[in-house]
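For reference, the structure discussed in these notes is given below.
Numbered from 1 within each chain, the chains take letters A, B, ... in sequence-line order.
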Number of protein chains: 2
Amino acid sequence: MDVKTARTESLPPRYRLTKQRAAVLRALEKGQHLSAETILERVRGDMPGVSLGTIYRTLDILRMSGLVQMFAFGGSAARYEAAADKHHHLLCSICRELTDVRGDVVGELATAIATDAGYSDIDVALTITGRCTDCATRR
Amino acid sequence: MDVKTARTESLPPRYRLTKQRAAVLRALEKGQHLSAETILERVRGDMPGVSLGTIYRTLDILRMSGLVQMFAFGGSAARYEAAADKHHHLLCSICRELTDVRGDVVGELATAIATDAGYSDIDVALTITGRCTDCATRR
DNA sequence: CTCTCTGCAAAGCATTTGCACATTG
DNA sequence: CAATGTGCAAATGCTTTGCAGAGAG
C-alpha cells in the first residue's frame, strides 16, 4: 500500500469550529436541558438561516467529542446539555418537567460499577454509557 | 350535576388482561431489553395477526401499571423490560450493546435523592422518574 | 348493550441524509 | 483546490391515532 492510497483511505475528519458550532455550544452553556428545536431558535437569534439539520449534525459531533450530553425520552424530543457541569435529572412522569440534581454521588457509584465491568470513557447519564471491553480492544 | 352525567364523565377504564397483553408480558419475562418490533415477532409466534399498534398500546398500559420499564435512546427504538427483577444497564457507545448490571446500590441511592426532592412513585431507570410535588398535590 | 380491545392504515414527530453550493485552510 | 461544513428538502424510522368491527362482562 503506497502513501497516496493510505491518504485517500480513512483519515478521521478534522473538525472545524465554525460559527454555527460555536453558537450551538454557547446556547447550550446558557440554557438547561434544551431540545434541538429550542437550540435552533436560540441560535437563530444571532444567526438567522441556520437549519435544523446543522443543529443535529453539530450536536452529534459535540456529543462524540464529549462536550455535550444527551438525554433521550420515549416519544418526545431528546434534550441536550453542555457536559461541563455534570449533574442528573428528575423527570416527572406526569408533567414531564425536568429538575436538576446537583452532586454526583450517584455518578461516582455508577462510574465505579461501569469501570469494574471493563468499560472506559464512561459517561453517566443515568443510562451508563461507555465503551465495552470488546470495542476498546478492537481499536 | 346528576348521577348520569357523572357516570359519563371520566371514570378510568378498567383494563382487561387479554390474550395479547398476556403474550406481551410473557415475551418480556423471557427476553431481555426487547424492542417493540422484537416483541411483535415473538408474540406472533403463538399469535399471528397481532399488530404493532397493539404492542405499543399494551406496553403503554403495562408501563403505567408499573409492570414494565422502558429505556429510550436517541434515534433507535426504545427497549422494554419486565419490571420484576430491577437492574440497570451499560450501553456501549460504539456497538450499542446493552449489558445488565445487577445489584441496586445505585437505585437505592437515586431513590433516596428523588425522595428528598419530594418525588413519589419513583422509578429509577437511570433517568430518575417520578411524580413531582406539584403533580402529587394537584390530585 | 355498553365498554374495552384490536387490526389496519394513515398520520405525526424527531432525526437523518443526499445533494449542490459555500467556506475554510 | 481538497476537505469540510451548510441549507434545503426529501426520506426514514419509531410511535401514535382514528376508525370500524370484534369481543368481553
Side-chain angles (χ1 to χ4, degrees), chain A residues 3-25 27 33-41 43-44 46-65 67-80 96, chain B residues 3-25 27 33-41 43-44 46-65 67-80 96:
Chain A
V3 180
K4 212 166 191 173
T5 310
R7 224 189 139 281
T8 322
E9 247 175 28
S10 70
L11 288 183
R14 297 129 248 190
Y15 298 122
R16 293 169 187 162
L17 182 54
T18 63
K19 41 190 198 300
Q20 288 89 338
R21 288 176 186 173
V24 168
L25 215 38
H33 28 74
L34 308 176
S35 66
E37 198 69 50
T38 307
I39 295 171
L40 179 66
E41 286 168 20
V43 168
R44 275 188 171 160
D46 331 299
M47 268 181 87
V50 183
S51 77
L52 193 52
T54 296
I55 302 292
Y56 276 112
R57 278 185 285 226
T58 299
L59 287 171
D60 245 36
I61 291 173
L62 296 176
R63 193 142 53 86
M64 304 213 289
S65 315
L67 293 170
V68 159
Q69 238 189 313
M70 173 177 116
F71 303 88
F73 311 101
S76 37
R79 304 307 191 80
Y80 302 83
R96 303 254 114 197
Chain B
V3 180
K4 211 167 193 173
T5 310
R7 219 187 142 284
T8 321
E9 249 174 30
S10 70
L11 288 183
R14 294 127 255 186
Y15 297 121
R16 290 166 189 166
L17 182 55
T18 63
K19 42 189 195 305
Q20 287 91 336
R21 289 176 187 174
V24 168
L25 216 36
H33 30 76
L34 309 176
S35 67
E37 198 69 50
T38 306
I39 296 171
L40 179 66
E41 286 166 21
V43 167
R44 274 187 170 160
D46 333 299
M47 267 182 89
V50 183
S51 76
L52 192 53
T54 297
I55 302 291
Y56 276 112
R57 277 185 285 227
T58 300
L59 287 171
D60 244 35
I61 291 172
L62 294 177
R63 194 143 53 84
M64 303 213 289
S65 315
L67 293 170
V68 159
Q69 238 188 311
M70 174 176 115
F71 302 89
F73 310 100
S76 37
R79 305 306 192 80
Y80 301 83
R96 304 252 114 199

| field | L59(A) CG - dA14(C) P separation (whole Å) | value | 15 Å

| Between R44(B) and S51(B), which heavy-atom pair has the shortest distance, and what is it? | NH2-CA, 4.2 Å

| request: Report the distance from atom CD of E37(B) to atom P of dT15(D), rounded to the nearest whole Å. | output: 9 Å

| Is the shortest heavy-atom distance from the side chain of I39(A) to the side chain of L59(A) under 4.5 Å? | yes

| Separation of Y56(A) OH from L40(A) CG (nearest 0.5 Å) | 9.5 Å

| Taking five pairs at each end, how big is the angle between the two axes of the helix from dC1(C)-dG25(D) to dG25(C)-dC1(D), to 10°? | 30°

| query | Does a side-chain N or O from R21(B) land closer than 4.0 Å to OP1 or OP2 of dT6(C), or not? | reply | yes

| note | In this structure, CD of Q69(A) is separated from CZ of R63(A) (nearest 0.5 Å) by 10.5 Å

| Are D60(A) and R57(A) within salt-bridge range, i.e. N to O under 4.0 Å? | no

| Atom-pair distance (CG on L40(A); P on dC13(C)), nearest Å | 17 Å

| message | In whole Å, I'd like the distance from the CD1 atom of I55(A) to the C1' atom of dG5(D). | response | 13 Å

| said: With rounding to the nearest 0.5 angstrom, report the OG1 to CD1 distance, T38(A) to I55(A). | reply: 10.5 Å

| query | To the nearest angstrom, how far is I61(A) atom CD1 from dG5(D) atom C1'? | reply | 8 Å

| task | Starting from the 5' end of DNA chain C, give me the residue, V50(B) or P13(B), whose nearest nucleotide shows up first. | result | P13(B)

| query | Nearest-Å distance, CG (L34(A)) to C1' (dA14(C))? | reply | 16 Å

| query | Over how many whole Å does the gap from I39(A) atom CD1 to dT15(C) atom P extend? | reply | 10 Å

| What is the distance, rounded to the nearest whole Å, between atom CG of L17(A) and atom P of dT4(D)? | 16 Å

| Does a nitrogen or oxygen in the side chain of T18(A) sit under 4.0 Å from OP1 or OP2 of dT4(D)? | no

| query | Quick one: what's the B/S/- string for nucleotides 16-22 of chain C, heavy-atom cutoff under 4.0 Å, read 5' to 3'? | reply | BBB----

| message | Could you report the tightest heavy-atom contact between M47(A) and V50(A), atom names first, then the distance? | response | O-CG2, 2.9 Å

Atom pairs under 3.5 Å, N or O on each side, protein against nucleotides 20-25 of chain D: can you list them with distances?
{"residue": "dG23(D)", "atom": "N2", "partner": "R16(B)", "partner atom": "NH1", "Å": "3.0"}

| query | Are the side chains of L52(A) and E37(A) in touch, meaning some heavy atoms are under 4.5 Å apart? | reply | yes

| At under 4.0 Å, does any side-chain N or O of Q20(A) touch on OP1 or OP2 of dT23(C)? | no

